[in-house]
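Keep in mind it's a predicted model, so treat the numbers as computed, not measured. For reference, positions follow the sequence shown, starting with 1.
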Amino acid sequence: MRKMFYPALLIAMLTVSQPILAAVDPVYTGFFSNEAIKGYDAVAYFTEGRPVEGSDDYVFEYQGAQWKFASQQHLDLFKANPEAYAPQYGGYCAYAVANGDTASAEPDLWTIHDGKLYLNYNRRINDRFRNDIEAFIEQADTNWPEIEKK
């Protein structure tokens, strides 16, 4: 009887947990953190043209994630208009979203295009994304609403 119980229990657990595992958070934070962009300052990409680590002194809760900033000024700018500074697709890899999926993104693999911030998974993917950015953004914009619903 025990031999049949454990496989059945495992199947039941996987079946019940599958929808939970497939859920997409509105902002990518990783598994062990609640920090957007791995703690980097979203505003700095626009004001300083580079990724800058945020500080625990300047934190704002937005879309269920903690956003860190390097200064009070950056925090204030973000609070006034988070949509202007937050990365597209919740900070998930833009290339992955264009391909109908999600993947983590690295703070140092970024592009600002038409006033919007895009992050990507690795250097190769980031280069590929930049080589046909208009097409990838168009496809990602189409895919993102469905991906968000997962």
Side-chain angles (χ1 to χ4, degrees), residues 10-11 13-150:
L10 179 60
I11 290 169
M13 286 173 47
L14 289 174
T15 303
V16 170
S17 66
Q18 189 61 31
I20 294 168
L21 294 174
V24 173
D25 290 329
V27 175
Y28 174 74
T29 59
F31 295 109
F32 304 107
S33 169
N34 193 33
E35 294 177 352
I37 319 177
K38 296 184 178 180
Y40 279 72
D41 181 337
V43 176
Y45 292 96
F46 296 91
T47 61
E48 297 186 33
R50 64 185 178 94
V52 174
E53 286 190 59
S55 166
D56 289 333
D57 295 333
Y58 309 106
V59 178
F60 181 62
E61 184 84 18
Y62 174 67
Q63 291 190 331
Q66 285 187 341
W67 298 75
K68 290 185 173 184
F69 303 92
S71 69
Q72 184 65 50
Q73 179 187 17
H74 285 190
L75 171 60
D76 293 342
L77 285 168
F78 189 87
K79 275 182 167 180
N81 192 2
E83 294 84 16
Y85 298 103
Q88 299 301 292
Y89 323 120
Y92 291 92
C93 173
Y95 180 86
V97 173
N99 286 284
D101 206 352
T102 59
S104 62
E106 292 299 321
D108 62 334
L109 299 171
W110 60 282
T111 303
I112 292 178
H113 183 75
D114 287 339
K116 296 180 180 179
L117 175 61
Y118 300 89
L119 302 173
N120 278 300
Y121 174 73
N122 65 28
R123 192 156 314 282
R124 183 178 56 83
I125 293 296
N126 196 50
D127 292 343
R128 189 178 293 172
F129 176 78
R130 286 178 169 188
N131 283 334
D132 199 5
I133 195 164
E134 295 287 339
F136 285 120
I137 290 172
E138 183 178 337
Q139 190 59 52
D141 286 349
T142 299
N143 293 343
W144 182 241
E146 286 302 313
I147 291 171
E148 271 189 304
K149 291 178 187 178
K150 288 183 183 179

Review point. Mind checking whether Phe78 and Tyr85 have parallel, tilted or perpendicular rings, split at 30° and 60°?
Key: tilted
Exercise for review: Examine distances only and state if a side-chain atom of Asn143 and a backbone atom of Val97 form a donor-acceptor pair shorter than 3.5 Å.
Suggested key: yes
Practice item. Could you please spell out the steps behind the side-chain contact (heavy atoms from CB on, under 4.5 Å) verdict for Asp76 and Phe60? Key: CA-CA 9 Å; Asp76 293 342; Phe60 181 62; over 6 Å; no
Review point. Could you go step by step and tell me if Asp108 and Arg123 meet the side-chain contact (heavy atoms from CB on, under 4.5 Å) rule?
Key: CA-CA 9 Å; Asp108 62 334; Arg123 192 156 314 282; 4.1 Å; yes
Exercise for review: Look at the side chain of Arg130 and the backbone N and O of Trp110, then say whether any donor-acceptor pair between them is shorter than 3.5 Å.
Suggested key: yes
Exercise for review: To the nearest 0.5 angstrom, please state how far the NE2 atom of His113 sits from the CZ atom of Phe129.
Suggested key: 8.0 Å
Study note, to complete from the structure: Shortest non-hydrogen pair, Ser104 vs Tyr28, comes out as CB-OH, 3.1 Å
Check your understanding: Under 4.5 Å between any side-chain heavy atoms of Tyr89 and Ile147, yes or no?
Key -> no
Practice item. Output yes when Lys68 and Glu53 qualify as a salt bridge under the 4.0 Å nitrogen-oxygen rule, no when they do not. Key: no
Revision key, fill the gap. Separation between CG (Asn120) and CD (Glu106), nearest 0.5 Å, reads 10.5 Å
Review point. After noting the C-alpha distance and the side-chain angles of Asp41 and Val43, does the key distance pass the side-chain contact (heavy atoms from CB on, under 4.5 Å) rule?
Key: CA-CA 6 Å; Asp41 181 337; Val43 176; 3.4 Å; yes
Review point. Considering residues, nucleotides and ligands other than Gln63, do more than 12 of their heavy atoms fall under 6.0 Å from its CD?
Key: yes
Practice item. Determine whether more than 12 heavy atoms belonging to other residues, nucleotides or ligands lie under 6.0 Å from atom OH of Tyr121. Key: no
Point to revise | Donor-acceptor contact below 3.5 Å, side chain Tyr45 vs main chain Tyr118 | key: no
Practice item. State, without any angle test, whether Asn126 and Tyr95 hold a side-chain donor-acceptor pair at a distance under 3.5 Å. Key: no
Exercise for review: Check whether any side-chain heavy atom of Asp57 lies under 4.5 Å from a side-chain heavy atom of Phe69, and answer yes or no.
Suggested key: no
Exercise for review: State the CH2-CD distance between Trp67 and Glu35, to the nearest 0.5 angstrom.
Suggested key: 11.5 Å
Point to revise | Gln73, CD atom: more than 12 neighbouring heavy atoms under 6.0 Å | key: no
**Study point:** Thr142/Gln139 under side-chain contact (heavy atoms from CB on, under 4.5 Å): CA gap, chis, key distance, verdict
**Key:** CA-CA 5 Å; Thr142 299; Gln139 190 59 52; 4.3 Å; yes
Check your understanding: Is a donor on one side and an acceptor on the other found under 3.5 Å between the side chain of Asn99 and the backbone of Asp101?
Key -> no
